[in-house]
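Have a look at the structure below before the remarks.
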There are 2 protein chains.
Amino acid sequence: METQPKSTYNIPAEAALDVLGGKWKTLILCHLSYGSKRTNELKKAMPGITQKMLTQQLRELENDGIIFRTVYNQVPPKVVYEMTEVGESLKGILDQLCEWGEKFIQGQFPKTKKSTPNGAL
Amino acid sequence: METQPKSTYNIPAEAALDVLGGKWKTLILCHLSYGSKRTNELKKAMPGITQKMLTQQLRELENDGIIFRTVYNQVPPKVVYEMTEVGESLKGILDQLCEWGEKFIQGQFPKTKKSTPNGAL
DNA sequence: CGGAATCCTGCACGATACTG
DNA sequence: CAGTATCGTGCAGGATTCCG
């Protein structure tokens, strides 16, 4: 009966992965790191994502205090997402991720394979 | 008929996420960033992972040239995984991930929720 | 000990349609 | 335009068993 209460992380990174671990979350944050964006802008930036997933992942990021949501009460609704301070603290990681991805694409690295579809970082 | 051939990334980070996007990959890399490890050591470091997933994710990382696998031909088999140079180039990101996770755990950030189990960065 | 193969399940995610 | 609700499903991933 000494089971750990619940979410005891074996390594701090797990906590980060809990937050960033959605299929699209990291990607969304990357886009938001360039500046606030409307829902539709995000959708266009990520052609593969569905409306449902977008909203869902955004909600979770919001609940985790990573992003902030602003609703403009006007007739064609307008909703803007932007990073919170906590979110900003992730910028370093996100930037590096992009940089690294660039290098990887440029084939600096030999094998460019792919397998696990799964999700998101 | 102008469909993009295949994996055309809208943003370089997607390439990185392709590589790190497995459910356990980032976590595995975090552990390996501290030094090479045997299969069993990794397993112990990640109580939640199954043998199957461990092997699978390791294979993919290997195919992507992120880690290197050494097999010792001895009777109780011994297999050691370590980061390649390409893998090493991820250390910065992995470290920051840990750091950030630590801060997040320490409750510097108010809401500590969780939802999408899914996977991995 | 490390891994491959098989079977099975759940839930993450997609598609669609509807509101304000 | 933004979001919710519902339904259906694939495939990621778990459990188990066998092999070198």
Side-chain angles (χ1 to χ4, degrees), chain A residues 7 10 14 17-28 31-32 36-64 67-82 113-121, chain B residues 14 17-28 31-32 36-64 67-82 113-121:
Chain A
S7 48
N10 304 292
E14 292 182 29
L17 291 173
D18 259 357
V19 175
L20 302 177
K23 188 180 185 179
W24 302 92
K25 288 185 186 176
T26 308
L27 200 47
I28 290 174
H31 287 295
L32 286 183
S36 60
K37 282 202 164 53
R38 295 186 55 168
T39 310
N40 239 351
E41 292 176 319
L42 283 173
K43 212 185 297 183
K44 283 173 192 162
M46 299 175 287
I49 201 172
T50 59
Q51 167 77 42
K52 178 189 174 185
M53 283 315 295
L54 180 57
T55 309
Q56 183 179 310
Q57 304 275 296
L58 284 168
R59 284 294 174 284
E60 296 182 5
L61 287 171
E62 193 187 352
N63 288 334
D64 282 333
I67 64 174
F68 189 73
R69 180 177 126 109
T70 310
V71 182
Y72 295 84
N73 274 322
Q74 56 190 50
V75 102
K78 176 182 175 182
V79 177
V80 172
Y81 294 94
E82 59 192 319
K113 212 219 30 159
K114 216 233 122 140
S115 1
T116 322
N118 177 20
L121 235 237
Chain B
E14 292 182 30
L17 292 173
D18 258 358
V19 175
L20 302 177
K23 189 179 184 180
W24 302 91
K25 289 185 185 175
T26 307
L27 200 48
I28 290 174
H31 287 295
L32 286 183
S36 60
K37 282 204 164 52
R38 294 185 55 168
T39 310
N40 240 350
E41 293 176 320
L42 283 172
K43 214 186 296 185
K44 283 172 192 161
M46 299 175 284
I49 201 172
T50 60
Q51 166 77 41
K52 178 189 173 185
M53 284 314 295
L54 180 57
T55 308
Q56 181 179 310
Q57 304 275 296
L58 284 169
R59 284 294 173 286
E60 296 183 2
L61 287 171
E62 194 188 351
N63 288 334
D64 283 334
I67 64 174
F68 189 73
R69 178 178 128 108
T70 311
V71 183
Y72 295 84
N73 273 323
Q74 57 189 49
V75 103
K78 177 181 175 183
V79 177
V80 171
Y81 295 93
E82 58 192 319
K113 210 220 32 162
K114 216 232 121 142
S115 5
T116 323
N118 176 21
L121 245 241

Roughly what angle, to 10°, lies between the helix axis at the start of the helix from dC1(C)-dG20(D) to dG20(C)-dC1(D) and the one at its end, five pairs per end? 50°
Nearest-Å distance for atom pair CE/P, residues M46(B) and dG2(C): 12 Å
State which residues pass side chain to side chain donor-acceptor pair (under 3.5 Å) with T55(A); sequence neighbours excluded, sorted by chain then number. Q51(A)
Take atom CG of L58(B) and atom P of dG3(C), then tell me their distance rounded to the nearest Å. 7 Å
What does the list of N/O pairs under 3.5 Å between the protein and nucleotides 14-19 of chain D look like, with a distance for each?
residue : atom : partner : partner atom : Å
dG14(D) : OP1  : K23(B)  : NZ           : 3.4
dG14(D) : OP2  : T50(B)  : OG1          : 3.4
dG14(D) : O6   : K52(B)  : NZ           : 2.3

Strictly below 4.0 Å: does T55(B) bring a side-chain N or O up to OP1 or OP2 of dA4(C)? no
Partner residues of N10(A) under the side-chain contact (heavy atoms from CB on, under 4.5 Å) criterion, sequence neighbours left out: E14(A), P47(B)
Going by the rule side-chain contact (heavy atoms from CB on, under 4.5 Å), which residues pair with K52(A) if we only count those two or more places apart in sequence or in a different chain? T50(A), Q56(A)
Cation over ring face, K78(A) and Y72(A), 6.0 Å, 45°: yes
Expressed as a whole number of angstroms, how long is the span from Y81(A):OH to dA2(D):C1'? 8 Å
If every non-hydrogen atom of L27(B) is compared with every non-hydrogen atom of L17(A), which pair is closest and at what distance? N-CD1, 4.0 Å
Using a heavy-atom distance cut-off of less than 4.0 Å, which residues of residues 68-80 of chain B contact DNA chain D? P77(B)
Can you name the side chain to side chain donor-acceptor pair (under 3.5 Å) partners of E41(B), sequence neighbours left out? none
Side-chain N or O of R38(B) less than 4.0 angstrom from OP1 or OP2 on dC1(C)? no
